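This is a predicted model, so every value here is computed, not measured.
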Amino acid sequence: MPRMQVPTGTQRRNQKNDEENESPDASPSKEFEGSNRKIGAELKITTNDEEFVNSTQVKEADEESKDESNSGLKEVLSSTEPSLDAKISQFSENGEIDTVYEDVMESTESERITEKVVEEKATASGYSGVEEDGTVIEQNEIHIIKDNKVQTIEKEEYKEATTISDSGRKATDKIDSGTKEMRTVKNNDEKRVERIKIINDISENHVPKPESMGEGLILLKEEKKDEDFSLKLKLKEDANMRKEVLARLAEENFRKGNKLFYYPDVVKPDQDIEVFLNRSFSTLKNEPDVLIMGAFNDWKWKSFTIKLSKSHLNGDWWSCHVHVPKEAYKMDFVFFNGQDVYENNENKDFCINVEGGMDVFDFENFLLEDKRREQKELARQKAEMERRQEEQRRIEAEKANQEADRVQAKEEVAKRRRMLEELVKKAKKSVDNVWYIEPREFKGEDEVKLYYNRISGPLAHAKDVWIHGGHNNWKDGLSIISKLIRSERKDGDWWFASVVVPDGALVLDWVFADGPPQQAIIYDNNHLQDFHAIVPKSIPTELYWVEEEQKIYRKLQVERRLREEAARAKAEKTARMKRETKERTLRTFLLSQKHIVYTDPLDVQAGKTVIVFYNPANTVLNGKPEIWLRCSFNRWTHRMGLLPPQKMLPAENGSHLKATVKVPLDAYMMDFVFSEKEDGGIFDNKNGMDYHVPVFGGVVKEPPMHIVHISVEMAPIAKVGGLGDVVTSLSRAVQDMNHHVDIILPKYDCLKLNNMEDFQFHKSYSWGGTEIKVWLGKVEGLHVYFLEPQNGFFSAGCIYGRRNDGERFGFFCHASLEFLLQSGFHPDIIHCHDWSSAPVAWLYKEHYRHYGLNKARVVFTIHNLEFGASLIGKAMQYSDKATTVSPTYSQEVSGNPVIASHLYKFHGILNGIDQDIWDPYNDKFIPLSYTSENVVEGKRAAKEALQQRLGLKKADLPLVGIITRLTHQKGIHLIKHSIWHTLERSGQVFFIFSTSLPRVNE
């Protein structure tokens, strides 16, 4: 091939520019040509000086070139010319040229790395190298792309050509470098499309066209230079600006005597800031080390400790960088020396407000959300741990049960073996003139004929003869049942039956009868000894008992598993019914006041919005022109305090008004009252009780209260009337709501200790010169403290009925409060009942409240106003709240003088029953457990069992039961009438009663 000179990349670009300038569309390029060449000549030394293009005009040109046309670029570049010489001179005077030169070298090295990457990709596609002008180099040949044509020459010829043109290329490159660096973008959109196309072509491992390889390298280099150059300029500009600002801030704060400043001065979330401390102005001025210790949001979030360094600023300024998290609204911090010397802003700490992020309430909600997620995860982990523990317990229990079943199987086998061995001794192969078996030698599963001489026993005149048989001492009950037929044998009245010998039989057992099972009347049972025959060819005895033990063991295992599955299913069903009952009860309660107030939804959820509906027509606010809702949470103790009063608007359902409330995540109770004006006026506060609606799903649970009942009765260990039932049932219900409940009771000598668990001596103390022993036990799952004074007050064999009952129970009330005081108890509520513990109310308020029991509120419940009215009246006066057993009874006694003046704190609450104690599905005292699904069968079984126990006729007749204290309050004349009325109609009556009259009880 002929030798030819290969043009350099610069020459080819100049040629291309000249061709573009000759076209009509290239007028903008012509205008740029002169200035670019001039600039290139002047910038031989400072071509890539980053400060050179730091002027505002060049920055604008760089930003706008991405979207503007070539004509716009021309105007911007033209405007930069006047400032170039001045900038160059400035850089020379400042001695920055060397630094700029180093930056240029870094940029050039970056370009070389980029070229290398592209060349490596090309080589992977079959090429050895690529020149910047598009020349493609293979191992032995060079392909030159020119005017869209490819010329191929040998590699040696190419080397000579490039050597000749090398000096010319260098000179031209120096001139072109300034022009190229000033031209930030030209025909930007077209070049980007071309770059993307070429890069994709290479990256997908396709073999690119040779001309694409060359043009792609050129475009990549230009793109890289443009990007690197702009980035370096931006970083340099930011760094210089930051230094200037920090120097100014340092000087200003030093003049003002401020020991602290930070940069930037407006702090935003998710940002790094620099904090500066003038050590000489602080308590750390003589300390070699300075550290910052802090956290965010009032010290609640993400604490940190960072060591400060001496800064470059004039003065004793020390600094460090701190990252502000996205959740921050404030940064709190102090400085210290790493030990015990602190700079804490005169005990007020330092703080920096964070703008544009969360506020205090947003952060609190964020924490609550975070806490809810944490609780959810903890609940999951707890459930998983409990599941594993339960699985481990199940495995251990299974092992223990297997061992117990093996022991039981061995014992059962040993017992059966002894009995069978005794039986074998009595067994025969035949009895003359009575019975025999053919063939004489047989084994299990063989069919044999058993012959019986009917005239040998009590069946001599029976019309039919049957055999009722089994094996191995009747191990499996009746396993052989067959009717005998008359034999042809003539020497007697012989009958026979063909039977199959049971597998595993050692001994056959049978009797003869005149009919099949359940129909036979006459039996021949060998004088009550039954008939027994040895099986001659039975399996070996030891093998039989080994197999028998395995059978018994497997049977015990199956029976145990069935019992466990039944118990588990019953427990699950009980829990489900209890849960459903609670849900129904809560719903009933929430709807019970719907005529006044209710919410939508009924079950208020934390973190959600709820609508409160209110009907003033049924309240003291009836007819008021405006109604305002005043709301808070958690029994008015929520961190947000009382929400702003909200005017209620008419609802769509008639007379109700409505208001919308956002429930916070940390709410467990919603509290509200209503008023006629925004600033108050008349209130509807439910007679001082306020309106309360439970909130579900919150991250905070209601704090448990400590409630102490002081009572002289408690079911079932010391019960006379309904008071004992209420104390037990109410305490269990409150304890089930996660409150802590204790009961204090006299230790009567007639307590039913069989209904108590973990009964033990607790302590002794003295009051009024009397030693009092305290016993502790659990009754129906409740902690009960029993007071036993050593003066014999409660060793009378009864609860009531002594002439000094007032003295006895008065002493007990005083001793109970003394026990609380000396034991260090601080209950939230002290609950006393009826006249017998009424003195607790005034003894507490007049004495023990001043001795240290100052936390409690007193609740007093009237169970029966018939006894001790004066004591009840005094307790009403001193109690904080008073209740009675039902709304109806509260109305009946509201006119009584001891009640009338205290109606504002008197409430009737309907007594309930304990659904665990009185659950027929889990009641061990009835013959058949039942639910609503089989209630008829269950009650019928209970009725029949009761009739049998009382000696009544078992018949489908009405059965009336009466259980009561026999006092005139119970309506004795009505009881008498109902008894005669039932008997006259062939019904049945049983009557269980008690009375305070000993002779009647006897």
Side-chain angles (χ1 to χ4, degrees), residues 386 390 393 563-590 694 696 701-702 704-709 711 713-745 751-759 776-786 829 831 833 861 863 883 885-886 909-935 937-939 941-942 945-946 961 963 992:
E386 290 176 349
E390 180 61 28
R393 284 193 295 268
R563 289 196 305 270
E564 290 174 350
E565 290 174 4
R568 185 163 48 251
K570 189 170 186 177
E572 291 174 355
K573 186 173 183 178
T574 300
R576 186 183 71 252
M577 291 191 302
K578 188 174 181 179
R579 183 173 60 254
E580 292 172 351
T581 300
K582 282 188 174 182
E583 291 173 355
R584 287 195 305 269
T585 302
L586 176 62
R587 185 176 180 84
T588 300
F589 164 72
L590 295 175
F696 302 94
K701 304 299 181 185
E702 183 170 9
M705 292 189 294
H706 183 197
I707 297 101
V708 174
H709 287 268
S711 174
E713 289 188 44
M714 181 185 183
I717 58 172
K719 169 181 163 57
V720 175
L723 189 159
D725 292 317
V726 171
V727 169
T728 302
S729 298
L730 178 60
S731 299
R732 282 170 52 88
V734 172
Q735 183 172 272
D736 195 43
M737 297 171 66
N738 298 318
H739 298 294
H740 178 56
V741 181
D742 289 319
I743 299 170
I744 302 177
L745 194 75
L751 287 175
K752 298 178 181 178
L753 297 179
N754 58 322
N755 291 312
M756 199 180 311
E757 298 176 356
D758 304 328
F759 186 66
L776 177 62
K778 292 191 88 172
V779 179
E780 300 291 351
L782 297 165
H783 283 92
V784 184
Y785 293 95
F786 300 89
I829 295 176
H831 197 150
H833 302 263
T861 297
H863 299 266
T883 69
V885 296
S886 72
I909 301 175
L910 184 64
N911 278 349
I913 62 171
D914 192 309
Q915 295 182 353
D916 292 332
I917 297 175
W918 302 101
D919 179 12
Y921 187 58
N922 292 283
D923 195 335
K924 61 184 180 181
F925 297 108
I926 58 177
L928 177 64
S929 299
Y930 64 89
T931 66
S932 58
E933 299 169 357
N934 63 330
V935 60
E937 295 83 353
K939 288 194 171 186
L946 182 59
I963 305 174
I992 300 176

Inset, instruction - Over 60° means perpendicular and under 30° means parallel, so classify the ring planes of His709 and His833, tilted if in between. - result: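 Parallel, since the angle between the ring planes stays under 30°.
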Could you tell me the separation between the [atom1] atom of [X] and the [atom2] atom of [Y], rounded to the nearest 0.5 Å?
X: Glu580; Y: Lys573; atom1: CD; atom2: NZ; answer: 10.5 Å
X: Ile913; Y: Gln915; atom1: CD1; atom2: CD; answer: 6.0 Å
X: Ser711; Y: Leu723; atom1: OG; atom2: CG; answer: 4.5 Å
X: Lys570; Y: Arg563; atom1: NZ; atom2: CZ; answer: 14.5 Å
X: Leu782; Y: Leu745; atom1: CG; atom2: CG; answer: 11.5 Å
X: Leu590; Y: Thr585; atom1: CG; atom2: OG1; answer: 11.0 Å

Short side-chain to backbone donor-acceptor contact, [X] and [Y], under 3.5 Å:
X: Thr931; Y: Tyr921; answer: no
X: Asp914; Y: Ile917; answer: yes
X: Gln735; Y: Gly781; answer: yes
X: His739; Y: Met705; answer: yes
X: Arg732; Y: Glu780; answer: yes

Inset, instruction - Could you tell me whether Lys939 atom NZ has more than 12 heavy atoms of other residues or ligands within 6.0 Å of it? - result: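 It does not: Lys939 NZ has 12 such atoms or fewer within range.
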Legend entry - Crowding at CD, Glu390 (>12 non-hydrogen neighbours, <6.0 Å):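 More than 12 heavy atoms, drawn from other residues, nucleotides or ligands, come within 6.0 Å of this atom.
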Inset, instruction - Step by step, work out the side-chain contact (heavy atoms from CB on, under 4.5 Å) result for Lys701 and Asn738. - result: CA-CA 10 Å; Lys701 304 299 181 185; Asn738 298 318; over 6 Å; no
Residue pair [X] / [Y], side-chain heavy-atom distance below 4.5 Å:
X: Asp919; Y: Thr574; value: yes
X: His831; Y: Leu730; value: yes
X: Asn934; Y: Ser929; value: no
X: Leu751; Y: Phe759; value: no

Heavy-atom closest contact ([X] atom, [Y] atom, distance):
X: Phe696; Y: Leu586; result: CZ-CD2, 3.2 Å
X: His706; Y: Asp742; result: NE2-OD2, 2.9 Å
X: Pro927; Y: Ala941; result: CG-O, 3.5 Å

Inset, instruction - Please step through side-chain contact (heavy atoms from CB on, under 4.5 Å) for the pair Glu713 and Val727, ending with a clear verdict. - result: CA-CA 8 Å; Glu713 289 188 44; Val727 169; 5.9 Å; no
Legend entry - Thr728 vs Val779, side-chain contact (heavy atoms from CB on, under 4.5 Å): CA-CA, chis, key distance, verdict: CA-CA 8 Å; Thr728 302; Val779 179; 5.6 Å; no
